[in-house]
Amino acid sequence: MGSIDTQVHNAFRTAVVPAAGMGTRFLPATKTVPKELLPVVDTPGIELVASEAAESGASKLVIVTAPGKDGVVSHFVEDLVLESRLEESGKSHLLEKVRRAPNLLDVESVVQERPLGLGHAVGCAEQALADDEDAIAVLLPDDLVQPCGILDLMARVRAERGGSVLCAIDVPKSLVGSYGIFHVEEVQGVAEPDVLKVLGMVEKPTLADAPSTLAAAGRYLLDRAVFDALRRIEPGAGGEFQLTDAIALLIDEGHPVHVVVHRGTRHDLGNPGGYLRAAVDSALDSPDYGPGLRRWLLERLELEETVD
Ligand code: UTP
């Protein structure tokens, strides 16, 4: 074992991005376009999570895809014809954008033949790991968690506390019924109030049954023991193998699981409402589109108020 800083830096090499879901909430678009390729302003969601993983030190991205969703992986393959056309026509800013994804990190894919759940999808990634990798990061491409950097905090907690580390966001009470909610307790001797020990999780509880207002956000730093736990769980809700059931099994067996509360923003790109908010939020911050969009939104909203 090296120093904490070395352990944080080496916390994981592989980031797993499960992208084999059916995307039914986004039909009809997802009939032919994988939802992971829908752009937030001009960049597909999957590139945003790949770039977050690379910034946190991952050198390999394992994308779990479904048969027929090859376009998701193609986004990370160099397109030399397109690049030379952009170069010849002097469109260097576009060239830079096109080159970004293939240069982020090494990308591999594994196929999940049938959508048997997030837990099953994560299990499919085990074959892509080297023997000496003792942890993986899992990033759900549906979840846009900004600003980036939560994985670094999670890596620090794993280096200090061992086990697995999850990410939570504090949601309004009215929304607890839409999420998996953590049952947590304070950690003795930890100065950061945003690091808590996880005792369990309740899926979509009523407000009366909710053990906290901390909801699971799509970032996980999982000890390799999760693969063994995934092999031992039974299918849960909807006949799917749930990642949370494998984590619950680990907790029952004494594996330390902590949560870091993310205090930035989080958007759910998996449904049109959340996706639109993410797009507007990012566009407002863009020097190219922000000022015009802001003016238009103000006009549009003012008009609405006048009509009301
Ligand atoms: P979701 O349940 O949010 O995605 O899974 P989905 O199944 O595509 O969504 P809907 O309900 O049909 O609209 C969270 C993440 O897990 C992946 C999804 O691709 C998504 O990134 N997933 C889910 C898999 O890779 N395999 C599965 O069997 C299920």
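Order of appearance sets the numbers: ligands from 1, and atoms from 1 within every ligand.
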Is [X] salt-bridged to [Y], cutoff N-O under 4.0 Å?
X	Y	value
R232	E253	yes
D79	R85	no
R277	D268	no

When you measure from the side chain of K35 to the backbone N and O of F26, does any donor-acceptor pair fall under 3.5 Å?
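Not at all, since once roles are kept as given, no pair shorter than 3.5 Å links the two residues.
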Any side-chain to backbone donor/acceptor pair from S282 onto V40? Under 3.5 Å, distance only.
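Answer holds: no.
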Using a 4.0 Å heavy-atom cut-off, say whether [X] meets ligand 1 through its side chain, its backbone, both or neither.
X	value
E36	side chain
L118	both
L116	backbone
Q112	side chain
K35	side chain

Minimum non-hydrogen distance to atom 8 (O) of ligand 1, winning option of P34, G23, P18:
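The residue whose heavy atom sits nearest atom 8 (O) of ligand 1 is G23.
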Have a look at D142, N271, D143 and point out the one with the heavy atom closest to atom 14 (C) of ligand 1.
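When every heavy atom of D142, N271, D143 is considered, D142 comes closest to atom 14 (C) of ligand 1.
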For a salt bridge (charged side-chain N to carboxylate O under 4.0 Å, His left out) check, start with the C-alpha distance between R231 and E126, then their side-chain angles and the critical distance, and finish with the verdict.
CA-CA 11 Å; R231 276 187 283 276; E126 188 180 17; 2.7 Å; yes
Is there a polar contact between ligand 1 and [X], counting only N or O atoms under 3.5 Å apart?
X	result
L140	no
A121	no
K69	no

Test D132 against R13 for salt bridge (charged side-chain N to carboxylate O under 4.0 Å, His left out), laying out the working first.
CA-CA 10 Å; D132 66 340; R13 299 205 300 272; 3.0 Å; yes
Give me the nearest non-hydrogen protein atom to atom 12 (O) of ligand 1 as residue plus atom name, then the distance to 0.1 Å.
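The answer is T24 OG1, 2.5 Å.
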Atom 11 (O) of ligand 1 - nearest protein heavy atom and its distance
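Here the closest protein heavy atom is R25 NE, 3.3 Å.
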Determine whether any heavy atom of M22 lies closer than 4.0 Å to an atom of ligand 1.
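Heavy atoms of M22 do come under 4.0 Å of ligand 1.
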First locate atom CG of L166, then atom NE2 of H262, and finally report the distance between them rounded to the nearest 0.5 Å.
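It is 15.0 Å, given to the nearest 0.5 Å.
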Can you tell if the side chain of P211 reaches within under 4.5 Å of the side chain of V184, non-hydrogen atoms only?
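With C-beta onward as the side chain, the pair stays apart.
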